[in-house]
2 protein chains.
Amino acid sequence: MVTISDIAAALGVTPSTVSRALSGSPRVKEETRIAVERMAAELGYERNIVASNLRKGRSDIVGIIVPRIHREFFSNVIGGAESILEAAGYCVLICQTHERFEAEVKALRTLRNNQVAGVLLSHAIGSDNGDHIREALGDRIPLVQFDRVFSDLPGAKVVSNNFEGAYAATKHLVEQGYRRIGTLAGYMNSEAYVARLEGYRQALRDCGREVDESVVFIDTIVPETGHEACLKALDAGCDALYSAGDFSALGAIEAARSRGLRIPADFGIVGTANESFTALMTPSMSSLALNPFEMGRQAARAFLSGEEGTIVVPMELKVRESSSRMHQQNQT
Amino acid sequence: MVTISDIAAALGVTPSTVSRALSGSPRVKEETRIAVERMAAELGYERNIVASNLRKGRSDIVGIIVPRIHREFFSNVIGGAESILEAAGYCVLICQTHERFEAEVKALRTLRNNQVAGVLLSHAIGSDNGDHIREALGDRIPLVQFDRVFSDLPGAKVVSNNFEGAYAATKHLVEQGYRRIGTLAGYMNSEAYVARLEGYRQALRDCGREVDESVVFIDTIVPETGHEACLKALDAGCDALYSAGDFSALGAIEAARSRGLRIPADFGIVGTANESFTALMTPSMSSLALNPFEMGRQAARAFLSGEEGTIVVPMELKVRESSSRMHQQNQT
DNA sequence: AGGAATAATACAAACGTTTGTACAAAGTTC
DNA sequence: GAACTTTGTACAAACGTTTGTATTATTCCT
């Protein structure tokens with residue numbers, strides 16, 4: 001491996017001059033800089049990033065911690081973040097938590113020990129506060145949270161307008177003429193789900209419906225729990241559900257069908273996340289779309305700019321067959 | 001930050017002893033090791049990985065280069081690899097190429113400059129040979145290729161049994177009574193697609209059909225190109241297609257429907273990759289399933305073991321509605 | 001031209017770890 | 001008990017870069 005010392009020796013200057021020349025310091029003469037650059041190219045020099053990082057105390061790596069990389073939402077966030085960070089000269093280190101608190105702690109430690117320049121994080125369901133995050137990162141490593149955020153942590157946050165989105169989805173179900181609308185609410189230690197639940201409640205109130213907590217089903221996130229909760233909802237007289245996730249909605253649809261109900265005539269549902277299968281299944285599933293790619297981009301930009309605010313990325317209600325009782329044709 | 005020197009000072013030993021104690025060298029007394037470990041814990045010491053990497057000349061980072069992280073196949077490979085590597089104490093640096101040669105070169109350089117311990121790679125469509133890979137990695141950084149491999153490069157390779165899989169898929173279409181079976185063959189600079197095409201051809205021959213190259217459509221990989229190619233295939237009298245990708249198959253189904261054909265009665269299709277939407281759409285799409293998670297695991301294991309062979313991960317034909325003309329009920 | 005101000009470079013110390021070699025103390029052998 | 005091995009530590013250099021300070025060369029002014 002050729003080092004700056006090799007270049008320095010070849011040119012009869014010192015390594016420090018070479019270093020400054022290569023990093024464009026104004027303290028080296030234009031002429032010298034050109035000579036250094038030419039020699040570097042000739043010798044095939046490439047900066048040893050590890051040594052550079054050691055000296056500078058930080059790296060050009062940005063860590064991203066997500067529950068599961070193969071979830072469509074998260075892989076798109078990562079894709080969006082990467083597109084910005086890569087252009088800014090950073091690279092991306094991915095860690096998965098599999099929704100487990102311990103894995104999140106370990107990932108944070110790994111990133112800190114690698115002296116990452118920053119961390120983009122969507123916390124595990126298993127974490128119910130951000131103390132471990134604050135402790136692991138200290139105040140030297142900037143943090144940007146996205147989607148699932150702890151609002152008491154410092155740093156930028158990128159979220160969807162969950163309240164407004166769930167509000168719109170619920171109102172849509174009301175407008176479609178469904179009588180009794182329950183919700184599959186997800187995990188209550190995530191503020192995103194809490195906000196969606198609030199949006200659901202507010203929409204019902206604003207439409208003159210009463211909010212019946214007996215048809216609010218929490219901890220529903222996978223098809224199995226969605227299925228189970230839907231059966232209870234049907235028993236409680238529901239003819240529609242707003243689901244805070246698409247996978248639980250999938251389970252709910254199965255459940256409704258197992259009772260012989262027609263969708264959307266007898267039973268309506270709107271999911272959340274706009275997973276790609278929602279548009280392709282039959283009946284196609286209405287879903288409250290997140291914008292993961294844009295969230296990733298915003299998170300990366302927030303890291304780069306160092307600004308601390310909360311960025312809201314709007315959601316969009318995709319009305320499809322599963323909730324279109326009134327022959328609306330605004331299918332997406 | 002507390003360093004080994006701090007520990008050494010606190011204990012009245014030297015940093016070298018602390019270093020050896022912490023890495024479990026037999027050259028330090030059990031007693032000393034315990035004292036060091038206790039003091040390290042007390043002071044909250046954590047090894048500076050960057051410094052360690054610099055000294056050792058390599059890091060505990062494994063780079064993974066994929067065309068697109070948000071493609072289900074690749075994100076699952078990454079998930080599989082990560083599950084093995086994480087347990088072995090490595091972490092994972094992800095780079096995307098977006099199918100572009102230049103981006104692949106840049107990613108390789110980034111990884112090399114970060115002194116990664118190894119690289120797992122599925123090359124971009126835009127790369128038609130592996131010279132840049134060999135050059136970038138030299139013989140110091142081990143390479144494991146998966147899915148899309150250049151067979152002339154050294155190092156382990158993890159592939160699907162593309163030939164046998166495509167053979168089975170094509171034979172299945174024959175057995176379902178389709179008369180004229182074309183193929184959407186994908187990109188011919190990827191050996192995986194070449195092998196699938198060969199499997200398709202061999203199956204037809206073995207079934208006593210003649211291979212008609214005019215219904216072999218290459219460079220079909222997205223819905224749009226699949227759609228277009230399918231129209232041509234229909235014009236050429238095809239009543240079935242084996243598609244080397246699911247997305248092109250999706251476009252093909254649209255195309256067949258646009259001609260008023262019923263699926264699978266008038267037109268049959270089998271895709272490849274078993275993307276999650278294939279099972280959920282209507283009619284559900286038969287697909288030749290890859291096993292990306294397992295491929296990722298195998299690639300990671302190959303890196304860890306350092307063995308050089310080719311590992312074949314079997315594909316599985318998922319027969320669903322889009323090719324089930326004969327009332328077979330082996331739906332998955 | 002002599003001195004001050006400025007520009008360009010050299011020097012040297014870090015960053016925190018690992019590891020080859022040297023060294024001292026303890027244990028073994030005859 | 002002297003010579004020799006074994007065991008445990010200390011010493012010091014190295015990994016390649018960055019950066020504060022010192023030094024030399026150049027320019028500018030009166």
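Chain A is the first sequence line, chain B the second, and so forth, proteins listed ahead of strands; every chain is numbered from 1. What you see is a predicted model, and the numbers here were worked out from it, not measured in a lab.
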S.K.: Pair K106(A), E86(B) - check salt bridge (charged side-chain N to carboxylate O under 4.0 Å, His left out), show working.
M.R.: CA-CA 10 Å; K106(A) 185 175 174 193; E86(B) 199 265 342; 2.9 Å; yes

S.K.: Go through the N and O atoms of the side chain of R27(A) and the base of dT21(D), and report whether any donor-acceptor pair is under 3.5 Å.
M.R.: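 Counting by modelled atom types and ignoring angles, a donor-acceptor contact under 3.5 Å is found here.
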
S.K.: Apply the test salt bridge (charged side-chain N to carboxylate O under 4.0 Å, His left out) to residues K157(A) and E308(A): give CA-CA distance (whole Å), side-chain angles for both, the deciding distance (0.1 Å), then the verdict.
M.R.: CA-CA 7 Å; K157(A) 298 167 190 76; E308(A) 295 254 324; over 6 Å; no

S.K.: Apply salt bridge (charged side-chain N to carboxylate O under 4.0 Å, His left out) to residues R71(B) and E99(B) and explain how you reach the verdict.
M.R.: CA-CA 12 Å; R71(B) 281 288 279 265; E99(B) 306 287 11; 5.6 Å; no

S.K.: With sugar-phosphate meaning primed atoms plus P, OP1 and OP2, does S23(B) contact a base, only sugar-phosphate, or nothing at under 4.0 Å between heavy atoms?
M.R.: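 The answer is nothing, as S23(B) stays clear of every strand by at least 4.0 Å.
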
S.K.: Counting distance only, does the side-chain N/O of R148(A) pair as donor-acceptor with the main-chain N or O of H123(A) below 3.5 Å?
M.R.: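 Checking the backbone N and O of H123(A) against the side chain of R148(A), a donor-acceptor pair under 3.5 Å is found.
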
S.K.: Within the 4.0 Å heavy-atom criterion, would you say S16(A) contacts the bases, only the backbone, or no part of the nucleic acid?
M.R.: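 Base contact - S16(A) has a heavy atom under 4.0 Å of at least one base atom.
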
S.K.: Check whether any side-chain nitrogen or oxygen of S19(A) sits under 4.0 Å from OP1 or OP2 of dG16(D), and answer yes or no.
M.R.: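 For dG16(D), OP1/OP2 do not have a side-chain N/O of S19(A) under 4.0 Å.
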
S.K.: Heavy atoms from C-beta onward define the side chain here; which of dT17(D), dG16(C), dT17(C) lies closest to that of I4(B)?
M.R.: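 Looking only at side-chain atoms, I4(B) lies closest to dT17(C).
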
S.K.: For dA10(D), take OP1 and OP2 only and decide whether either is under 4.0 Å from a side-chain N or O of T14(B).
M.R.: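 For dA10(D), OP1/OP2 do have a side-chain N/O of T14(B) under 4.0 Å.
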
S.K.: Which part of the nucleic acid does V13(A) contact within heavy-atom distance under 4.0 Å: base, sugar-phosphate only, or nothing?
M.R.: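 Sugar-phosphate: the residue V13(A), judged by heavy atoms under 4.0 Å, touches backbone atoms but no base.
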
S.K.: Under 4.0 angstrom, heavy atoms only, what part of the nucleic acid is R20(A) near: base, sugar-phosphate, or nothing?
M.R.: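 Base contact.
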
S.K.: Answer with base, sugar-phosphate or nothing: what part of the nucleic acid does T3(B) contact at a heavy-atom distance below 4.0 Å?
M.R.: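 Touches sugar-phosphate only.
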
S.K.: Does a nitrogen or oxygen in the side chain of T17(A) sit under 4.0 Å from OP1 or OP2 of dA10(C)?
M.R.: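 Answer yes for this pair, as a side-chain N or O of T17(A) is under 4.0 Å from OP1 or OP2.
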
